[in-house]
Amino acid sequence: MRKCGYVAIIGKPNAGKSTLMNAFLEYDLSIVNRKAQTTRNKILGIHTENNIQIVFIDTPGLFEPKYELQKFMMTELKSSFNEADMVLHLIDVSEFNIAELKSIEEKFRKEFKGKKRIIVLNKIDLVQQDDVMSRIIQLKEEFGFETIIPVSAKEEFNLGEVKREITDNLPVSEFFFDEEILTDKPEKFFVAEIIRQKILELYQDEVPYSVYVDIVEFIERKESKDYINAEIVLERESQKVIFIGRSGEKIKTLGRAARESIEKFLKKEVYLKLFVKVRKDWRKDKRFLREAFKQ
Ligand SMILES: Nc1nc2c(ncn2[C@@H]2O[C@H](COP(=O)(O)OP(=O)(O)OP(=O)(O)O)[C@@H](O)[C@H]2O)c(=O)[nH]1
Ligand SMILES: [Mg+2]
């Protein structure tokens with residue numbers, strides 16, 4: 001008897017959703033960063049083991065959308081709810097805020113209704129054990145949650161418990177994907193994400209948030225290195241100067257770091273060309289976003 005289903009991983013920005021999915025997959029598929037709002041698209045991570053296939057959906061964090069890009073991120077989140085058989089709701093125990101949780105319950109009442117929800121209390125490595133216990137009691141009393149599992153996604157602590165709970169509640173079904181498939185997104189998507197990850201690591205303030213990475217060309221070549229031409233789209237001319245750095249040293253560092261990471265991902269050498277351009281306020285530009293994020 002086989003079991004298979006979609007499990008949406010939801011929660012506030014920075015709760016550790018992508019870290020948790022990667023830990024289950026035993027592979028760094030989704031980018032992780034200490035800055036909030038790292039994940040922009042929903043990303044499937046498919047875990048197949050014996051007779052079980054869990055299709056995780058990593059989602060952008062829950063928030064109040066302020067501009068068009070965030071509205072797009074919210075659409076991604078809402079459609080993940082629709083697809084999901086089950087919801088893993090991540091709560092960062094080190095940033096515990098009961099008022100905020102109440103407003104999330106209110107806001108997503110419709111989406112949560114009738115769905116099996118597993119509450120995962122993450123980052124327990126950051127607090128005292130007593131705090132974890134009192135938070136669990138508080139969550140039970142306040143919301144009546146049945147299943148609350150304390151974990152550390154980063155230290156891979158207690159994840160077996162989460163997997164067991166998911167497996168118990170998974171519908172009986174044939175697999176949706178071939179057993180060796182890991183995700184729904186093409187290689188090109190992850191190449192752009194790797195570049196964005198390096199940008200998140202290297203740049204401060206608004207810059208990483210103002211970046212869109214577009215893989216304009218990706219040419220696989222048998223006799224020589226693959227050729228990748230990536231366009232880095234910024235929002236303002238002033239960001240371009242910061243991005244490139246004095247005599248181009250910053251973008252060179254970025255190019256080197258991104259290339260090394262892409263080569264690890266593709267398991268082959270690549271020639272990476274980065275080109276910086278400005279598209280004014282692209283995060284507010286519906287037309288740009290429709291084109292950029294079309295599936
Ligand atoms: N100490 C600790 N840090 C964690 C844990 N899980 C995740 N983190 C860190 O929290 C930060 C955010 O992790 P992500 O996985 O990017 O969080 P996310 O929920 O996907 O964030 P968004 O994509 O921005 O919504 C990173 O710096 C992680 O290393 C944990 O269990 N313990
Ligand atoms: Mg994420």
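As the structure lists them, so they are numbered: ligands from 1, and atoms in each ligand from 1.
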Chemist: May I ask you to check whether F108 and F81 place their ring centers less than 6.0 Å from one another?
Modeler: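 Ring centroids of F108 and F81 are less than 6.0 Å from each other.
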Chemist: Does the ring of F112 carry R117 above it, NZ/CZ under 6.0 angstrom from centre and within 45° of its axis?
Modeler: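 Checked: cation-pi criterion met.
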Chemist: So, is T39 placed with an N/O/S atom under 2.8 Å from the Mg ion (ligand 2), counting both backbone and side chain?
Modeler: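 For T39, the answer is yes, given that an N, O or S atom comes within less than 2.8 Å of the Mg ion (ligand 2).
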Chemist: Between T147 and K116, do the side chains contain an N or O donor and an N or O acceptor separated by less than 3.5 Å?
Modeler: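 Judged by distance alone, the side chains do pair up.
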Chemist: Would you say the side-chain atoms of T59 and K17 include a donor-acceptor pair closer than 3.5 Å?
Modeler: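 The criterion, which ignores hydrogens and geometry beyond distance, is not satisfied for K17 and T59.
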Chemist: What residues sit with at least one heavy atom under 4.0 Å from ligand 1?
Modeler: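 Answer by chain and number: K12, P13, N14, A15, G16, K17, S18, T19, V32, N33, R34, A36, Q37, T38, T39, G61, N122, K123, D125, L126, S152, A153, K154.
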Chemist: Can the ring centres of Y27 and F265 be said to be less than 6.0 Å apart?
Modeler: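 Not close enough - the centres of the two rings lie 6.0 Å or further apart.
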Chemist: Please find out if the Mg ion (ligand 2) and some N, O or S atom of T59 are separated by less than 2.8 Å.
Modeler: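 Short answer: no, not a single N, O or S atom is under the cut-off.
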Chemist: Taking atom CD of E180 as the centre, report whether more than 12 heavy atoms of other residues, nucleotides or ligands fall under 6.0 Å from it.
Modeler: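 It does: E180 CD has more than 12 such atoms within range.
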Chemist: Between F56 and Y6, does the ring centroid distance fall short of 6.0 Å?
Modeler: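 For F56 and Y6, the ring centres are not under 6.0 Å apart.
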